[in-house]
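See below for the structure under consideration.
We're numbering straight along the sequence, starting at 1. Just so you know, ligand 1 is whichever comes first in the structure, and atom 1 is the first atom listed for that ligand.
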Amino acid sequence: MGVINATPDSFSDGNQFIDPDRAANHAGRMVGAGAHIIDVGGESTRPGAEPVSIETESDRVLPVIRALQHLNTVISIDTRHATIADRALRAGAHLINDVAALRHPDMTRVAVDHGVPVVIVHTPVDDPQTMQDHASYADVMQAIVDDLGARVALARDAGIREIIIDPGIGFGKTTAHNIEILNRLAELRCLGCPILVGASRKSFIGDIVGASEPTKRDPGSIVAHLHAVRNGARLLRVHDVAGHRQALAMSAALSPTPAGAPWSATDHPPELQ
Ligand code: HH2
């Protein structure tokens, strides 16, 4: 999953892809490099980010989604808001990446009405401004398994058939929590859903490798994501698609994945075909 943030303030690619043509060129390069999904967002959810109005978010993402149609690739809408998800799906998106984890009942209704897959991302609160104040868990992985498990059950009961789960790296988590999540990721497999991980360029990588500039964190991101794949991740949300594809192909050549089948550079996630 390649990232396109049509925002002025995203921590890594802010201000680069507000223009739909630039966004489409970049998305085309990511698809050419091996991305199977392009994730479009119009509101930064980095810790402390200012919320934006529905109309502003709409004005950012809809032109980009329309500009990506010619790529014939899967497009996800990265949002907390049901209205945005609904408009994005009508404009040509194919799945919802809900960074508020279906907290808002309208989002469930939109997913059911459109019959699309949903990514449920763990966060302790739906508020990027204060989520780091809630980075406190008796057992972080158990808290994520319990919370996502309850949300998956509700989503299934509501009629959502394809559900992807995401432990929400950096969403109300400390550096130590993020490391523990990557080490214990396999515990999420008990929920029976494909696992997505988005560690790309996040600040905990900077803390560990000493890179203050997000664009300098790709090598650390790749290692974190290879570890996630070995522990059960099926989808990776990344900025550097080419680097990740190369690393995954090399890793697959050296050793099979835990599922037994080596990751092939031409594989498509079966759930989304
Ligand atoms: N992380 C971000 C945004 N959306 N979606 C999923 N499923 N998983 C993630 O870990 C995730 C996500 C935050 O990163 P980014 O979009 O690169 O930055 P910003 O929030 O500043 O726009």
Closest non-hydrogen atom pair, L182 against N231: O-ND2, 2.8 Å
Backbone of D13 reached by a side-chain donor or acceptor of S10 within 3.5 Å: no
Residues in the immediate environment of ligand 1 (any heavy atom closer than 4.0 angstrom): N5, S10, F11, S44, T45, R46, D78, N97, V99, V119, V121, D166, F171, L196, G198, K202, R237, H239
Salt bridge (charged side-chain N to carboxylate O under 4.0 Å, His left out): pairs with one or both residues in residues 195-216, sequence neighbours excluded: R201-D218
Nearest heavy-atom neighbours spanning T7 and G41: CG2-O, 4.0 Å
Set of residues satisfying side-chain hydrogen bond (donor to acceptor under 3.5 Å, both in side chains) with respect to R237, sequence neighbours excluded: D39, D78
Partner residues of D19 under the side-chain hydrogen bond (donor to acceptor under 3.5 Å, both in side chains) criterion, sequence neighbours left out: none
